[in-house]
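Chain identifiers are assigned alphabetically (A, B, ...) following the order of the sequence lines, protein sequences preceding nucleic acid strands; residue numbering begins at 1 within each chain.
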Amino acid sequence: MSKLFSDENKAAFTSPLNVNNPVAVQVLGICSALAVTSQLKPAIVMGLSVTVITAFSNVIISLLRKTIPNRIRIIVQLVVVAALVTIVSQLLKAYVYDVSVQLSVYVGLIITNCILMGRLEAFAMQNGPWPSFLDGIGNGLGYAAILIIVGFVRELFGFGTLFGYNVIPQFMYEAGYQNNGMMVMPAMSLIIVGCVIWAHRAYNKEEVK
Amino acid sequence: MDHMISLFVRSIFVDNMIFAFFLGMCSYLAVSKNVKTALGLGVAVTFVLLVTVPVDYALQTYVLGPDAIVMGVDLTFLAFILFIAVIAGMVQLVEMIVERFSPSLYASLGIFLPLIAVNCAIMGASLFMQQRVTMEPTNAQFIGGFGDAIAYALGSGIGWLLAIVGLAAIREKMAYTDVPKPLQGLGITFITVGLMALAFMCFSGLNI
């Protein structure tokens, strides 16, 4: 049991959450991080889907890592990921149809999410299934964290709601408060992610070169 | 013909891959440090798009779509796997061509050339194409034939090329500006792209 949660394994799980965050530090998987974050709910669903897919594709590739010929490994990885994404996309359509419509093509684009390929190449090809699983979960959650921050800011200031419920009290609107329409526009997500990266780097000065 | 031209112009300016959908961001941010390399990658992406979208269109129409092979069979759920296989194959081909004819470009693109395979812009264009095939024919975004698919692919590629060359040019100039330390590099690049996207939003009312 102690081996399962050794320091190395713990590091594989925790470092992507902050110091090695896939979005803020390694700048991977930006495309979907920007496009699905105008509201909190699709951002959370997207973050969870990516976490699940990263974890399981890491496990599968890590189990296969000794049998995959080096020359065709990219294709093998892509097929494994594409199969998992197909499953997740069908599940989303079955259980949370409205969110799956909102996410539109971005569910399919998880296949080309660089976080997945990056983790498969850098971690799962060298490590056993259990550390790979933790690494996948850690990276997925690190990605989800950024999505949730951006989604929170954009929904709160853009629509005045969280999860679709009004949180800005009515008297504020009567006093002249207005929702910021700019936040709803796609361009603002870029600027918010830029600010998140700024804050993250200012906070973790020594760790990030 | 009118529809093809409108589709072409729309996909450059209104439905720009970068500024409207944020597709292909990873390589967009990483390879935009100088104009020459950016141009090379932009051309490679345009070329790959130009080949994969029509091929995927054919797959969608004659193999995957509802009632395409056997009546009552809808294979659309296989689209992800088939599209990505086509893309990976095409990228392999482009890689060999570039290596043969322009070794210097091959060296400067480095890892980002094989990574075109996982460039969201390529996969995204195919998935959008799949969505647009099912739209109403009166819709400005409708794709109803090979011509439309080619116009859409070329427009998207050129839009991407325009965006990456523009950003590279700005970043070359920005090397001389005084940016706060933690904001340097990535942070400021994001904010620049955000401002460029705001500028491109003025095209969103364009009606052709």
Report summary line: Smallest heavy-atom separation, F21(B) atom then Y106(A) atom, equals O-OH, 2.8 Å

Requested in this report: Would you indicate whether F157(A), at its atom CZ, is surrounded by more than 12 heavy atoms from other residues, nucleotides or ligands within a distance under 6.0 Å?
Outcome: no

Requested in this report: State, yes or no, whether a side-chain contact exists between L109(A) and L23(B) at a heavy-atom distance under 4.5 Å.
Outcome: yes

Query raised in the report: Roughly how far, to the nearest 0.5 Å, is the CZ atom of F190(B) from the CD1 atom of I197(A)?
Result: 4.0 Å

**Report entry** Heavy-atom pairs under 4.5 Å with chain A, option from I18(B), I122(B), L198(B), L78(B) with the top count
**Finding:** L198(B)

Query - F8(B), CZ: over 12 other non-hydrogen atoms inside 6.0 angstrom - result: yes

Query raised in the report: Given that the side chain runs from C-beta out, which part of M201(B) has a heavy atom under 4.5 Å from chain A: side chain, backbone, both or neither?
Result: side chain

Query raised in the report: Distance from C120(B) atom SG to I111(A) atom CD1, nearest 0.5 Å?
Result: 11.0 Å

Query raised in the report: Could you state the interatomic distance from CE (M25(B)) to CG (L190(A)), rounded to the nearest 0.5 Å?
Result: 5.0 Å

Report task. Would you indicate whether Q92(B), at its atom CD, is surrounded by more than 12 heavy atoms from other residues, nucleotides or ligands within a distance under 6.0 Å? Result -> no

**Report entry** Spatial distance of atom CD1 (I81(B)) from atom CG (L78(A)) [nearest 0.5 Å]
**Finding:** 10.5 Å

Query raised in the report: Got more than 12 heavy atoms from elsewhere within 6.0 Å of CZ, F203(B)?
Result: yes

Requested in this report: Please say which of L127(B), I87(B), I84(B) ends up in a side-chain contact (heavy atoms from CB on, under 4.5 Å) with T112(A).
Outcome: I84(B)

Query raised in the report: Which bit of L29(B) comes within less than 4.5 Å of chain A, counting heavy atoms only: side chain, backbone, both or neither?
Result: side chain

